[in-house]
Amino acid sequence: MIKLVNELNKKEIEGKKILLRVDFDVPIVDGKIEEDFRIKTQMPTVEYLLNNGAKVLLLAHLGHDAPGLSFLPITEQLGEILSHTLTLVPHDELSSIDDLFKVSKILLLENLRQDPGEIANDESFAKKISADFDYYVNEAFATSHRKHASISAITKILPSYAGLNLDKEIKNLEYVIESPAEEKVVVLGGAKISTKLPVIKNLINKSKNILIGGALANNFFKYAGIKIGKSLVDDDVNLDFKSDKVLLPTDILISKDKTGKSITNVVPLQDIDPDFAILDIGPQSSKNFADIIKNSKTVVWNGPMGLSEVEIFSKGTRVVAEAVSGVSKSIIGGGDTISAVDKLKMIDKFGFVSTGGGAMLDFLAGEKLPGLEALGYYN
Ligand code: ADP
Ligand code: MG
């Protein structure tokens with residue numbers, strides 16, 4: 001059983017030093033945070049702790065690898081989004097954290113991945129960052145599929161709690177898995193079939209239909225022997241499962257390049273010219289998918305239907321987004337999916353938007369997430 005942060009009352013929190021693991025690994029363009037949705041989901045937990053008198057050190061990473069980037073260029077903007085002045089704490093100033101807390105009740109530790117101990121799930125690194133702290137709270141669902149020190153090892157050192165949004169993530173994704181199959185549709189697009197195939201396999205018997213668009217569909221076309229030209233595709237995926245629940249686009253939008261400036265054609269699914277690529281689902285498929293979605297109660301959607309960053313290839317994604325937003329229980333997620341609906345100004349139109357990309361997929365694939373395991377979720 002997971003313990004939730006709001007099981008701690010004011011008396012237990014007041015004056016305490018709390019490590020709050022958050023996920024601030026958001027897209028940055030020209031030195032600016034491009035989308036603040038995911039950061040904002042973590043605010044209620046920050047406020048809960050501060051309002052109850054805690055001293056909070058935020059733990060977060062930026063970028064994939066150690067030694068990684070610095071939070072310095074975006075610290076001020078992060079503070080603005082969170083409505084608090086944030087002070088960045090370099091790793092070698094952790095020993096003077098009490099002095100820093102005298103100035104501000106909320107601090108941000110420099111990119112965790114600057115220390116190789118983070119990714120290595122090193123217990124001594126976990127000890128170093130938790131020295132003299134009282135509690136640990138995990139509000140970083142999007143990183144909870146990683147067995148890293150600030151997600152896993154740290155829970156062996158401090159009494160550990162789940163953040164308010166992390167709890168919502170779990171409840172919504174549990175619902176996706178457990179809600180009645182006959183009223184549930186799964187919509188998958190984007191790329192990276194290897195990360196999405198386990199979701200298809202886990203949900204195929206738990207849903208009415210699985211609708212496949214985006215570059216994901218290209219793998220199925222190729223597997224079926226259709227010539228897909230220059231379309232984006234993963235190498236050598238084994239798709240040898242048969243199910244009439246899996247529906248693919250029946251028409252496609254093709255173009256010679258990704259600029260959106262070359263000629264584009266809508267064609268029925270067929271062998272395409274070697275110098276063309278499939279860049280969106282066609283209008284007929286968009287309508288078919290939308291009709292199936294509208295006839296469902298629960299829809300989970302991950303992955304754009306095409307190269308939606310380019311306006312002319314974003315129509316399928318828009319039609320699907322509109323249909324999904326209309327069902328009674330809509331749950332969406334994925335970094336690029338969030339960016340796409342954010343651009344469409346639709347992010348607040350869904351029942352639940354998961355902050356997790358890989359974490360959401362792993363959960364839906366029925367895999368154990370190390371971060372949830374560390375909080376006792378599977379016990
Ligand atoms: P998410 O982050 O939502 O899980 P993915 O990372 O799997 O989604 O994939 C999103 C990316 O896939 C986007 O950059 C999108 O442009 C790209 N994409 C989707 N369909 C196509 C396509 N037909 N051709 C090329 N790229 C595509
Ligand atoms: Mg992505």
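Whatever order the structure lists them in is the order used to number ligands and atoms, beginning at 1. Numbering of residues begins at 1 and proceeds along the displayed sequence. Keep in mind that what you see is a predicted model, and the values were worked out from it rather than measured.
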Closest protein heavy atom (residue, atom, distance) for atom 19 (C) of ligand 1: Gly306 O, 3.2 Å
Residues, nucleotides or ligands: over 12 heavy atoms within 6.0 Å of Gln270 CD: yes
Identity and separation of the nearest protein heavy atom to atom 6 (O) of ligand 1: Asp336 OD2, 2.9 Å
Check: Gly190 N/O within less than 3.5 Å of ligand 1 N/O: no
Atoms of ligand 1 close to Leu279 [distance to a heavy atom under 4.0 angstrom, numbered from 1]: 23 (N), 24 (N)
Metal environment of the Mg ion (ligand 2), protein N/O/S under 2.8 Å: Asp336 OD2
Heavy atoms from other residues, nucleotides or ligands near CG of Asp30 exceed 12 (cutoff 6.0 Å): no
Over 12 foreign heavy atoms within 6.0 Å of CG, Asp92: yes
Ligand-residue contact atoms, ligand 1 with Ile278, heavy atoms, under 4.0 Å: 22 (C), 23 (N), 24 (N)
His61/Glu110 under side chain to side chain donor-acceptor pair (under 3.5 Å): CA gap, chis, key distance, verdict: CA-CA 8 Å; His61 73 279; Glu110 180 57 287; over 6 Å; no
Numbering as shown, the atoms of ligand 1 that approach Gly214 to under 4.0 Å (heavy-atom distance): 20 (N), 23 (N)
Nitrogen or oxygen atoms of Asn302 and ligand 1 under 3.5 Å apart: yes
Protein contact to atom 25 (C) of ligand 1 [nearest heavy atom, distance to 0.1 Å]: Leu232 CD2, 3.8 Å
Neighbour count above 12 (heavy atom, 6.0 Å) for Lys256 NZ: no
Reference residue Thr143; test side chain to side chain donor-acceptor pair (under 3.5 Å); the match among Asp23, Thr355, Asn138, Asp25: Asp23
Heavy-atom neighbours of Lys227 NZ exceed 12 at 6.0 Å: no
Identity and separation of the nearest protein heavy atom to atom 9 (O) of ligand 1: Ala191 N, 3.1 Å
Identity and separation of the nearest protein heavy atom to atom 21 (C) of ligand 1: Ala215 N, 3.5 Å
Atom 3 (O) of ligand 1: nearest protein contact (heavy atom, Å): Thr337 OG1, 2.5 Å
side-chain hydrogen bond (donor to acceptor under 3.5 Å, both in side chains) against Asn288, all qualifying residues, sequence neighbours excluded: Gln284
Neighbour count above 12 (heavy atom, 6.0 Å) for Lys147 NZ: no
Lys16 side chain near Asn52 side chain, heavy-atom distance below 4.5 Å: no
Nearest candidate to atom 15 (C) of ligand 1, where distance is taken over non-hydrogen atoms, out of Met305, Glu309, Lys196, Lys192: Glu309
Worked check of salt bridge (Lys or Arg N to Asp or Glu O under 4.0 Å) between Glu169 and Arg38: CA-CA 12 Å; Glu169 294 270 6; Arg38 275 173 281 184; over 6 Å; no
Between OG1 on residue Thr298 and NZ on residue Lys208, distance to nearest 0.5 Å: 10.0 Å
